[in-house]
There are 2 protein chains.
Amino acid sequence: MTTARTPTRNRGNRRTEILDAAARLFAARGFHGVSIEDIGGAVGVSGPALYRHFSGKEALLAEMLLGISSRLRESAVAVVTASGGPGETLDALLDTQITFALEQPALITVHDRELGNVPEPARRQIRRLQRLYVEEWVTVLAELHPSCPAARLRAATHAVFGLLNSTPHSAGELPPEAMRPLLRAMARAAVDAAVNAR
Amino acid sequence: MTTARTPTRNRGNRRTEILDAAARLFAARGFHGVSIEDIGGAVGVSGPALYRHFSGKEALLAEMLLGISSRLRESAVAVVTASGGPGETLDALLDTQITFALEQPALITVHDRELGNVPEPARRQIRRLQRLYVEEWVTVLAELHPSCPAARLRAATHAVFGLLNSTPHSAGELPPEAMRPLLRAMARAAVDAAVNAR
DNA sequence: CGGTTTCGTTAATGATGACTAACATCTCGC
DNA sequence: GCGAGATGTTAGTCATCATTAACGAAACCG
């Protein structure tokens with residue numbers, strides 16, 4: 001039986017290959033709308049083979065969400081510690097979020113839809129990372145405009161995320177080279193408006 | 001018929017009561033994450049009672065999405081035909097979308113997540129209404145700035161929807177009276193930035 | 001009062017789907 | 001060359017769930 005689709009060395013790639021395929025499927029049809037068979041089929045194996053790599057469907061989702069939220073958080077921390085003025089830091093934060101949104105639309109989509117399906121030990125940790133990520137933004141915004149109440153800054157941050165993460169909906173409207181500056185300009189303007197209004 | 005006595009006979013209300021409860025549940029756990037039993041339970045009846053009101057789970061979702069998309073579209077048409085200058089029209093469009101987002105967060109959430117679960121006859125119609133709604137926005141934006149390519153205007157429109165529909169995520173951060181002007185200011189600034197950039 | 005409609009109820013029924021078991025195969029390190 | 005571990009496979013098992021069946025009771029209509 002030559003079942004091999006690709007004789008290449010798939011050392012540790014299977015896991016990430018599975019995570020990628022699952023992210024696309026979850027983004028398209030939702031966690032409960034995707035079966036283990038679907039995920040297996042998407043990477044060329046069938047069904048229960050996944051249990052060689054993950055302890056279950058929920059564990060797979062948990063690992064996926066932990067991955068994105070920690071990457072997001074890490075990149076924000078890197079940006080914040082590395083930079084100079086708050087204005088530049090904000091631009092850098094915007095750029096990394098835009099990069100994520102443009103390059104990993106499926107992950108970003110799953111990230112803010114499927115937290116409710118993560119079992120409890122991991123859920124708390126993901127929520128914590130998400131909160132820390134938001135707080136990085138809020139801190140930078142607060143430096144930029146100390147008189148603005150934190151609640152308003154938090155709401156503005158969520159709104160900017162909504163704007164940037166809308167990318168999956170406008171898939172195909174514009175090429176990424178055009179999308180990036182558009183999103184940057186819109187987000188920057190929205191932030192300024194939020195922070196400066198009467 | 002002189003009712004006044006007991007509100008027990010909810011003549012046509014059961015249907016909308018069910019639709020409301022289902023919208024909340026779908027928004028929270030996704031279409032496939034909610035059972036017919038759950039929906040029935042949320043309105044105090046149990047399970048198969050729903051089949052007295054809807055022909056099935058998918059039909060319920062279809063009616064729900066058709067309802068929102070036609071209401072959105074209708075209100076946009078009303079605004080566009082009634083108004084004067086394109087600037088005022090845009091503000092009015094923003095305001096109605098903000099009202100929907102603040103008053104019906106569950107519906108708005110389901111509206112842009114669950115289209116894929118609507119069976120085919122209705123799906124096309126919903127997509128059509130959504131497209132028409134977007135085109136109302138694009139037309140107004142084009143009047144405001146004729147030199148901007150339509151694709152860019154469409155992308156900007158989706159981004160503004162993302163911004164405004166982020167409301168469910170920032171639930172509780174700010175009271176609606178504060179949220180509305182914030183969203184208005186951010187959205188208006190984002191639109192202007194999209195339309196004016198180099 | 002009978003009869004019909006309306007709106008519920010509680011059992012099936014039949015699919016689907018997550019997960020487990022039992023059984024190959026391939027690649028190594030030795 | 002050989003056992004061991006990693007990775008697949010197919011055939012259960014057991015829940016859950018959408019949908020249907022069969023049946024009740026209140027309101028409405030004459």
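In what follows, every chain begins at residue 1, and chains take the letters A, B, ... in the order their sequences are listed.
- Spacing between atom CZ of Phe31(B) and atom P of dC17(D) amounts to 13 Å, rounded to whole angstrom units.
- Counting to the nearest Å, the P atom of dT20(D) and the CZ atom of Phe54(B) are 16 Å from each other.
- Which of dG8(D), dC19(C), dT10(C) sits closest to the side chain of Tyr51(A) comes down to dC19(C).
- Counting heavy atoms from C-beta on, the side chains of Val80(A) and Thr139(A) never come closer than 4.5 Å.
- Mapping Ser46(A) and Gly56(B) onto DNA chain D by nearest heavy atom places Ser46(A) at the nucleotide closer to the 5' end.
- The distance between atom CD of Glu58(B) and atom C1' of dC17(D), rounded to the nearest whole Å, is 13 Å.
- Between Glu173(B) and Arg152(A), every side-chain heavy-atom pair lies at or beyond the 4.5 Å cut-off.
- Contact annotation: Arg14(A) reaches the phosphate of dG8(D) (side-chain N/O to OP1 or OP2, under 4.0 Å).
- Comparing dA18(D), dT7(D), dG8(C) against the side chain of Lys57(B) picks out dA18(D) as the nearest.
- The side chain of Pro48(B) lies closest to dT19(D) when the candidates are dC7(C), dT19(D), dT7(D).
- As rounded to whole Å, 12 Å separates atom C1' of dT19(D) from atom CD of Glu37(B).
- Considering only heavy atoms from C-beta on, Thr89(B) stays 4.5 Å or farther from Leu144(B) through its side chain.
- Straight-line distance from the NE2 atom of His53(B) to the C1' atom of dT6(C): 9 Å, rounded to whole Å.
- Closest to the Arg52(A) side chain, of the nucleotides dT9(C), dC23(C), dA18(C), is dC23(C).
- In this structure, Arg15(B) is positioned above the aromatic face of Phe54(B), its NZ or CZ under 6.0 Å from the six-membered ring centre and within 45° of the axis.
- Contact annotation: His32(A) side-chain N/O to dC17(D) OP1/OP2 distance is not under 4.0 Å.
- Under the side chain to side chain donor-acceptor pair (under 3.5 Å) criterion, Ser55(B) pairs with no residue at all, not counting sequence neighbours.
- Between the CD atom of Glu17(A) and the C1' atom of dT7(D) there is a distance of 13 Å, rounded to whole Å.
- Side chains of Leu94(B) and Leu183(B) form no contact here, defined as non-hydrogen atoms less than 4.5 Å apart.
- Paired regions of DNA chain D, where each region holds three or more successive Watson-Crick or G-U pairs whose two hydrogen-bonding distances fall under 3.5 Å, are C:1-30 with D:1-30.
- Taking both residues in full, the closest heavy atoms of Met186(B) and Val191(A) are given as CE-N, 4.5 Å, listed atom of the first, atom of the second, then distance.
- For the pair Asn13(B) CG and dC7(C) P, the computed distance is 11 Å after rounding to whole Å.
- Atom CG of Asp38(B) and atom C1' of dC17(D) are 10 Å apart (whole Å).
- Checking dG8(D), dT19(D), dG8(C) against every side-chain atom of Ala49(B), the shortest atom distance belongs to dG8(C).
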